[in-house]
Amino acid sequence: MLATGRAVFEKVWVSAPSSTTASDGLGPLYNARSCGQCHPGGGTRRPTLERDDGRLGPALVLHLGEAASTSVYGEQIQGFAVPGLQAEARLSISYTEQDIQLPGGDELRLRTPHYRLEALTLGGLETGLGTSLRLAPVLNGVGLLELVPEAAILALADPDDGDGDGVSGRANWLPSASAQPVLGRFGWKAGQPDLERQTARALNLDIGIGNPLFPRPEGDCTAWQQDCLARPNGNSPRQDDPEASAVLLAQLLFYVRNIPAPGPGDVKADASVLPDPGAILFREIGCAACHHSEFVLNDGRRIRPYTDLLLHDMGPGLADHRVEVSASGMEWRTPPLWGLETGTDSGNYLHDGRAGSVTQAILWHGGEAEMAKKRFMQLSRPEREDLLEFLAGV
């Protein structure tokens, strides 16, 4: 089933109507034609920002408004369209740069992204509409993160900073069909509770494929886009009416859940580990306050993803001004660090890919991570090298 799921992950969807009813229903507006376009290497490699023709690739999208709202353009700007329709806009990015000096004479440059939308088909964005650039994440080990006990995550929460360390991680509680809210743990702001909803939503929002959880065959088309709503869809009795059947969604989900964790992944409690100077510095300067090293799963396995799966205020420098359930514009879920340098030469770290290296990503930390960043900046060059070597191997 793993090979079948990988095939679904790499499947290139086509517009309806098509003779291949198991693969039609693309869009009509979309950002990618397959999961693999945004998540290269079967989800194991960090995506690039630009295509060979110089245009931004599908892995970077512009989300709009609060997660529960719908703008004239829907939940995100769709950069591509099926034949006969126009894409909603053309997204481009420019940067302003700032030089930073570190001890030892090292100098690097931080870049701040600024997006521009051209050829908007329905006029400009609404005034005051929150926007957020989002880069598709690496998917290594996400199935293991789904198995982390909820109690273990909540035990790390400290919303009122009761211990006074300046770090106050908190949960993003999401509404559910039952009376009880559910814990968010996936997405840049922990806006999805599990991989089933995360995967099904991406299938519908990014590719425009209706499925049992998100059945709209028109994807992100809105009431202001009647030409989009009038396009043929890929609903078929062979697929139980949705464009992607429950069986196909299950195959895709099985693959995503079984993308292996990078590095050691599942580790043994009695593993003999020599003291690592980088690991010691990681704890001493405060990184471990958010990037929690180890969880024990319900089946007894130990994993080291280096995340607490909680929301943290990262300061105004990284703020996107977009609310997602209870997550504010300055709050982000702690991303896992395992496989930090997986499969990329260009960096593309953080939620919008602005950081070209791990060091640049660290220097963008603010808010609750401000003190840890300052301690990192005060390290000597050999100490920084030890810390970065440690991070490259987690």
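Bear in mind the structure is a predicted one, so any value in this text is a computation, not a measurement.
Under 4.0 Å is where a charged nitrogen must lie from a carboxylate oxygen, and between R109 and E97 at least one such pair does. Salt bridge absent: E383 and R381 never bring a charged side-chain N and a carboxylate O closer than 4.0 Å. One finds no salt bridge joining D206 and R201 here, because no Lys/Arg side-chain nitrogen approaches an Asp/Glu carboxylate oxygen to under 4.0 Å. Residues R170 and E331 are paired through a salt bridge, judged by an N-O separation under 4.0 Å between the basic side chain and the carboxylate. Under 4.0 Å is where a charged nitrogen must lie from a carboxylate oxygen, and between R384 and D106 at least one such pair does. Ion pairing between R257 and E146 holds under the 4.0 Å rule for side-chain N and carboxylate O.
Side-chain atoms of S293 do not come within 3.5 Å of backbone N or O of R304 as any donor-acceptor pair. Side-chain atoms of Q251 never come within 3.5 Å of backbone atoms of G5 as a donor-acceptor pair (strictly under, hydrogens ignored). In this structure, the side chain of D220 does not engage the main chain of G74 through any donor-acceptor pair within 3.5 Å. Between the side chain of E118 and the backbone N or O of R90 there is no donor-acceptor pair closer than 3.5 Å. Not a single donor-acceptor pair under 3.5 Å links the side chain of W188 to the backbone N or O of P335. In this structure a side-chain-to-backbone donor-acceptor pair under 3.5 Å is missing from N235 to P217. Side-chain N or O atoms of H365 include one that pairs as donor or acceptor with a backbone N or O of A361 at under 3.5 Å. No donor-acceptor distance shorter than 3.5 angstrom exists from the side chain of R185 to the backbone of I153, with no hydrogens or angles considered. Not a single donor-acceptor pair under 3.5 Å links the side chain of H39 to the backbone N or O of L139.
With rounding to the nearest 0.5 angstrom, the NE2 atom of H291 is 8.0 Å from the CG atom of D308. Atom CD of E324 and atom CZ of R333 lie 11.0 Å apart (nearest 0.5 Å). The structure places CD of E389 at 7.0 Å from CG of D276, a figure rounded to the nearest 0.5 Å. Atoms SG and CZ, on C38 and R33 in that order, are 13.0 Å from each other to the nearest 0.5 Å. From E385, atom CD reaches atom OG of S380 across 8.5 Å, with rounding to the nearest 0.5 Å. I303 contributes atom CD1, which lies 7.5 Å from atom CG of L147 (distance to the nearest 0.5 angstrom).
L363 is listed as a side-chain neighbour of F376, based on a closest heavy-atom distance under 4.5 Å. The side-chain heavy atoms of W173 and V182, taken from C-beta on, include no pair separated by under 4.5 Å. Side-chain contact between T307 and L337: absent, with no pair of heavy atoms (C-beta onward) separated by less than 4.5 Å. Between R134 and D352 the shortest side-chain heavy-atom distance does not fall below 4.5 Å. Side-chain atoms of L133 and D320, non-hydrogen and from C-beta on, never get closer than 4.5 Å to each other. Using a 4.5 Å heavy-atom cutoff, the side chains of I209 and N204 are not in contact. Residues L248 and K11 meet the side-chain proximity criterion, which asks for heavy atoms closer than 4.5 Å. Side-chain contact between C290 and V167 is present, with heavy atoms from C-beta onward closer than 4.5 Å.
In this structure, R354 is positioned above the aromatic face of W364, its NZ or CZ under 6.0 Å from the six-membered ring centre and within 45° of the axis.
Between the side chains of T44 and N140, no donor N or O sits under 3.5 Å from an acceptor N or O. In this structure, a donor-acceptor pair under 3.5 Å is present between the side chains of N31 and Q78. Using a 3.5 Å distance cut-off with no hydrogens or angles, the side chains of T359 and S357 do not pair a donor with an acceptor. A side-chain donor from one of E88 and Q225 sits under 3.5 Å from a side-chain acceptor of the other.
The cluster map of Ile, Leu, Val, Met, Phe, Trp and Tyr, joined by side-chain heavy atoms under 4.5 Å apart, puts L29 and F80 in different clusters. Both W338 and F295 sit in one connected hydrophobic cluster of ILVMFWY residues. Membership requires side-chain heavy atoms under 4.5 Å apart, directly or through other members. Linking Ile, Leu, Val, Met, Phe, Trp and Tyr whenever their side-chain heavy atoms come within less than 4.5 Å puts V142 and L2 in one cluster. Criterion: ILVMFWY side-chain heavy atoms under 4.5 Å apart, direct or through other members. Under it, I280 and M377 are not part of a common hydrophobic cluster. L122 and L120 fall within a single hydrophobic cluster, where Ile, Leu, Val, Met, Phe, Trp and Tyr side chains are chained together by heavy-atom contacts under 4.5 Å.
In terms of heavy atoms, V82 sits closest to Y30 at N-CE2, 3.8 Å. Annotation for L311 and A190: closest pair CD2-CB, 4.3 Å, computed over non-hydrogen atoms. Taking each heavy atom of Y255 and G42 in turn, the nearest pair found is OH-O, 2.7 Å. The minimum heavy-atom distance linking G43 with F9 is given by the pair N-CE2, 3.8 Å. The shortest non-hydrogen separation linking A157 to P159 is C-CD, 3.6 Å. Of all the heavy atoms in L56 and S92, the pair that sits closest is CD1-CA, 3.8 Å.
Under a cut-off of 6.0 angstrom, the local environment of CD in E126 is crowded, with over 12 non-hydrogen atoms contributed by other residues, nucleotides or ligands. Counting non-hydrogen atoms of neighbouring residues, nucleotides and ligands closer than 6.0 angstrom, the CD atom of Q86 reaches no more than 12 such neighbours.
Ring geometry, F390 versus Y306: the interplanar angle exceeds 60°, so the pair is classed perpendicular (tilted spans 30 to 60°).
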Intermediate values then yes/no, side-chain contact (heavy atoms from CB on, under 4.5 Å), E107 and I100: CA-CA 6 Å; E107 186 176 290; I100 302 291; over 6 Å; no
Could you walk me through whether L102 and L108 satisfy the side-chain contact (heavy atoms from CB on, under 4.5 Å) test, starting with their C-alpha distance in whole Å, then the side-chain angles of each, then the deciding distance to 0.1 Å, before giving a yes or no? CA-CA 8 Å; L102 296 175; L108 54 85; 4.0 Å; yes
One pair to check against side-chain contact (heavy atoms from CB on, under 4.5 Å): L85 and T121. What are the steps and the verdict? CA-CA 10 Å; L85 286 182; T121 57; over 6 Å; no
Stepwise side-chain contact (heavy atoms from CB on, under 4.5 Å) test for F186 and L195: CA-CA 7 Å; F186 292 103; L195 284 175; 3.7 Å; yes
Would you sort out whether H351 and W332 count as a ring-ring contact (aromatic ring centres under 6.0 Å, His included), showing the intermediate values? CA-CA 9 Å; H351 66 280; W332 300 94; 3.9 Å; yes
I would like to know whether S326 and N172 meet side-chain hydrogen bond (donor to acceptor under 3.5 Å, both in side chains); could you show each step before the answer? CA-CA 6 Å; S326 70; N172 194 3; 2.7 Å; yes
Check against side-chain hydrogen bond (donor to acceptor under 3.5 Å, both in side chains), Y115 and T131: CA-CA 10 Å; Y115 73 82; T131 60; 3.2 Å; yes
